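See below for the structure under consideration.
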Amino acid sequence: MNHQVRDFKVFAGNSNKQLAEAIGKELKETLGKDFVGHCEIKRFSDGEIWVKYAENIRGSDVFIIQSTNTPSDNLIELLIMIDAARRASANKITAVIPYFGYSRQDRKDQPRVSITAKLIANLITVAGADRVISMDLHASQVQGFFDIPFDHLYASATFFKQIEKLNLSNLAVVSPDVGGIKLARAYAKKFNADLVVIDKRRPAQNVTEIINIIGNVEKKNVLLVDDIIDTASTFSQAAHLLKEKGAASIIGICTHAVFSANAVELLNNSPIDKLFVTDTIYNPKIHEVKNLELVSVAKTFALAIQYTFEYKSISSLFDTYKD
Ligand code: R5P
């Protein structure tokens, strides 16, 4: 009889090797050995992607770390890595997707459009993933687009520590749109602060129109909280409005630093005193933003991977959202 000892291996796609290495380091520190495996990823001359696990993964639990931000090759790479792991007889395959790209198209908000979040969920599942771990989804119901287990992690616990260090009083937490209220409420609850909401409209893709502010920020230290900064039009317009309305200081908190178009310029010209972002996306542009502090979520992902393998509950990582 074969009593196989369970083991796990972590592999990284090319989208965010830096975070993958940091996760590997955390796992090594906690568990005392190296869990990062080597996967060769090459390209044919026409650009098609080729993947080969450089070691035996038969019977192993495989965790593939890959954010699916643009370019879409990141997504294709993830799908091919899952497929290769399945064909190499991995035991369980977990797609660890720190930033789940395409998640903002999560409903038919106008006729004849795609629901890309569902499409990508289908692709990941069909490729052969058994489980997905992701962080701060644009809409938490995207979990339900998957028919496989989905662990939703939050960056808030990591951000809370940074905010506590600032020792701020007279706080208001601002959501720059109605969709972000749940996220902002968790911060308001934690810091016993007022919750303020900005009424934002999207007249066209990537165009932000701020209509109104619901709540008072006068003389308050404001935490402006959002899941994504893409073009930064939402964040910078919100910051200008908050300053106009008398905010004493503005601390920006955002999980996913997409930073497309002229986001850097908009942020640098905005009245944000400090901006915290995480490393879910590898983006060298973040270093061009003044007053930006990068906060790593490697520890949270390392714990989620370890607990998943050990069949432990990871709900302790979700405490913030018990409301
Ligand atoms: C939208 O609902 C999201 O929470 C973000 O506010 C949005 O994706 C940010 O986009 P941008 O930076 O382009 O305004």
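The first residue in the sequence is number 1, and the count goes up from there. From a predicted model like this one, the values you see are computed outputs, not experimental measurements. Counting starts at 1 for both ligands and their atoms, following the listed order.
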Residue selection (non-hydrogen contact nearest atom 6 (O) of ligand 1) among Thr234, Leu183, Asp226: Asp226
Check ion pair Glu21-Lys28 (N to O, under 4.0 angstrom): no
Closest approach of any protein heavy atom to atom 11 (P) of ligand 1, naming residue and atom: Thr231 OG1, 3.4 Å
Proximity to ligand 1 by part of Asp227, non-hydrogen separation under 4.0 Å: side chain
Per-residue contact class, His256 against ligand 1 - non-hydrogen pairs under 4.0 Å: neither
Ligand 1 atoms in contact with Asp177 (distance to a heavy atom under 4.0 Å): 1 (C), 2 (O), 4 (O), 6 (O)
4.0 Å heavy-atom contact, Gln237 with ligand 1: no
Shortest protein heavy-atom distance from atom 10 (O) of ligand 1, along with the residue and atom involved: Arg202 NH2, 3.2 Å
N/O donor-acceptor pair under 3.5 Å between Ser67 side chain and Tyr99 backbone: yes
Interfacing atoms of ligand 1 (cut-off 4.0 Å, heavy-atom, His138): 1 (C), 2 (O), 3 (C), 4 (O)
Ile229 neighbourhood, listing ligand 1 atoms whose heavy-atom distance to it stays under 4.0 Å: 12 (O)
Mutual orientation of the aromatic rings belonging to Phe150 and His152 [parallel < 30°, tilted 30-60°, perpendicular > 60°]: perpendicular
Which donor-acceptor pairs under 3.5 Å do the side chains of residues 292-301 make with protein atoms, sequence neighbours left out?
unit_1 : atom_1 : unit_2 : atom_2 : d
Glu293 : OE1    : Lys274 : NZ     : 3.0
Ser296 : OG     : Asp279 : OD2    : 2.7
Ser296 : OG     : Ala298 : N      : 3.1

Under-4.0 Å salt bridge between Asp230 and Arg104: yes
Ring-ring centroid check Phe63 Phe309, cutoff 6.0 Å: no
Nearest option to atom 9 (C) of ligand 1, as decided by whichever heavy atom of Val258, Thr255, Ile228, Leu266 sits closest: Ile228
Residue pairs fulfilling ring-ring contact (aromatic ring centres under 6.0 Å, His included) with at least one residue in residues 11-37, sequence neighbours excluded: Phe8-Phe35, Phe11-Tyr53
Asp73/Ile49 under side chain to side chain contact (heavy atoms under 4.5 Å, CB included): CA gap, chis, key distance, verdict: CA-CA 8 Å; Asp73 273 6; Ile49 298 164; 4.2 Å; yes
Protein heavy atom at shortest distance from atom 8 (O) of ligand 1: Arg104 NH1, 3.1 Å
Which segment of Ala232 sits under 4.0 Å of ligand 1 when only heavy atoms are counted: backbone
Check ion pair Arg201-Asp199 (N to O, under 4.0 angstrom): yes
Contact with ligand 1 for Ser233, non-hydrogen, under 4.0 angstrom: yes
